[in-house]
There are 2 protein chains.
Amino acid sequence: MAPTTETLTAERILEATEEVLRRHGPAKATVVDVARALGVSHGSVYRHFRTKAALREAVTKRWLDRTALRLSAIVGQDRAPETLLREWLEALFDAKRRKAGDDPELFATFSVLADENSGVVDQHIAELTAQLTEIVRNGVAQGAFTATDPALAARAVFQATGRFHDPAYASRWLRPHVRSEFDAVVDLLLRGLRAADHPAG
Amino acid sequence: MAPTTETLTAERILEATEEVLRRHGPAKATVVDVARALGVSHGSVYRHFRTKAALREAVTKRWLDRTALRLSAIVGQDRAPETLLREWLEALFDAKRRKAGDDPELFATFSVLADENSGVVDQHIAELTAQLTEIVRNGVAQGAFTATDPALAARAVFQATGRFHDPAYASRWLRPHVRSEFDAVVDLLLRGLRAADHPAG
DNA sequence: CAGATGACAGATTTCAATATCTGTCATCTG
DNA sequence: CAGATGACAGATATTGAAATCTGTCATCTG
């Protein structure tokens, strides 16, 4: 499509791949398509990514990292731990839902990887859980939360809210009552995290 | 297969269908197969079930009802509400996991219906949530739980534990740490339900 | 000589012809 | 005449031949 004279870098390949995936979806996007979009032979793409799977993973990683970065901005904010936790979960839900709606094809790629138990997704989840742990830990330090093991509690919160960020549930994110269901779950989890001497909401 | 002289009843058709589904799976089981298994023409099957979908739903309903019935036995037991809730959730997880393992094809049928937003599945979920509500309501009455709206709390508990009973997650039920993840989530939810003046576990 | 190329083998996907299935209904049978 | 049948039309699934794709590598080029 745009046979540039520029050097062929991994970054340029990733951009082109993202575009091809967006247009064709994970099922129909081929390495040949990517090469064509870049005006090179597909052999050149294989010089930068050993397999098609590796390419897919790299694109998804870039995409997921953008979300993780945006969420990390919330973690350090100087606000009540409860507010922080709630807003972080809201931001996560929003981000996933927007991705599913705006980039359905890229989202499908992500879902495929999630099904395949890809390391990229595991790493993404580990990163998100680490951010949650940080919030819980700070909450405990400030006396707002009680948790023997903040990492364990964070993982429990992440799993309990899976319905609102796991791609396996994407088809149910458009139902009318999701929002109130989200609130009910988060309310209950916050009650569970709350310190015994801070019983108010 | 077994051309009986017995009358052709809906019940006999359901039994045969369950067997056919078990053998062939939802993708390959046909109404013709069911009729063949019963030694009748497929037209006769259509006399009892208007469509193939209706037949599938009826089989699944029967299958889900068996689980709901077994769980309902736990609801009325005279034990601590916390124990009851935990055991009910454990029984639900066990039941689903066993179904997924022992009857993969029937379970796949169930998953298909869940994806299709079938009324049968909705009804199943409504039944389970009602049972949960009963447990929460009793817990509140006995002063063990605090909940402004027991039905809302029950729904939140059901959704927060979705990872352990929703078929969309079935592929992750065999991982090594599910059990401890289940415990962590349930612990957190129980803390959230607990009455303020019963802070101990 | 670092990096790009394209021919190639084996795997996978596509596509169109064929077969089977779903759901209806006029007809048959006990 | 209640209930079962099987022929039928349209929809869906299967199949196998042809096209395309993945990944490798000997060769080419700046």
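Just so we're on the same page: letters track the sequence lines, and every chain starts at 1.
- Around CZ of A/R175, the count of heavy atoms belonging to other residues, nucleotides or ligands within 6.0 Å exceeds 12.
- Note: CG (A/L38) to P (C/dA4) measures 11 Å, nearest angstrom.
- Among the nucleotides D/dA4, C/dG23, D/dT22, the one closest to the side chain of B/T51 is C/dG23.
- A/H42 meets the ring pair (Phe, Tyr, Trp, His ring centres under 6.0 Å) test with no other residue; sequence neighbours excluded.
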Tabulate atom names and distances for all N/O pairs under 3.5 angstrom spanning the protein and nucleotides 13-20 of chain D.
none

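- Cation-pi contact between A/K99 and A/W63: present, with separation from the ring centre below 6.0 Å and deviation from the ring axis of at most 45°.
- Scanning DNA chain C for stems, defined as runs of 3 or more consecutive Watson-Crick or G-U wobble pairs whose donor-acceptor distances all fall under 3.5 Å, gives the following ranges: C:1-30 with D:1-30.
- Judged purely by distance below 3.5 Å, without hydrogens or angles, the side chains of B/S180 and B/D183 never pair a donor atom with an acceptor atom.
- Shown here are the salt bridge (charged side-chain N to carboxylate O under 4.0 Å, His left out) partners of B/E19, two or more places apart in sequence or in another chain: B/R22, B/R23.
- Between the side chains of B/E127 and B/Q131, at least one donor-acceptor pair of N or O atoms lies under 3.5 Å.
- Among A/D115, A/D166, A/D122, the one residue that satisfies the salt bridge (charged side-chain N to carboxylate O under 4.0 Å, His left out) test with B/R172 is A/D166.
- Atom-to-atom, OH of B/Y46 to C1' of C/dC25 comes out at 14 Å; the value is rounded to the nearest Å.
- Counting to the nearest Å, the P atom of D/dC21 and the CZ atom of A/R56 are 16 Å from each other.
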Tabulated below should be each protein N or O lying under 3.5 Å from an N or O of nucleotides 5-9 of chain D; please produce it.
from	atom 1	to	atom 2	distance (Å)
D/dT5	OP2	B/S41	N	2.9
D/dT5	OP2	B/S41	OG	3.4
D/dT5	OP2	B/S44	OG	2.6

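- Put simply, the side chain of A/T7 never gets that close to the backbone of A/T9: no donor and acceptor are under 3.5 Å apart.
- Within the nucleic acid shown, B/V31 comes within 4.0 Å of sugar-phosphate atoms alone, with no base atom in reach, counting heavy atoms only.
- In this structure, the CZ atom of A/R50 is 13 Å from the P atom of D/dC25, given to the nearest Å.
- For the pair B/E57 and B/V121, the minimum side-chain heavy-atom distance is 4.5 Å or more.
- For B/E11, the salt bridge (charged side-chain N to carboxylate O under 4.0 Å, His left out) criterion is met by B/R62, not counting sequence neighbours.
- Between the side chain of B/H24 and the backbone N or O of B/T30, no donor-acceptor pair lies under 3.5 Å.
- C/dT12 atom P lies 11 Å from atom NZ of A/K52, rounded to whole Å.
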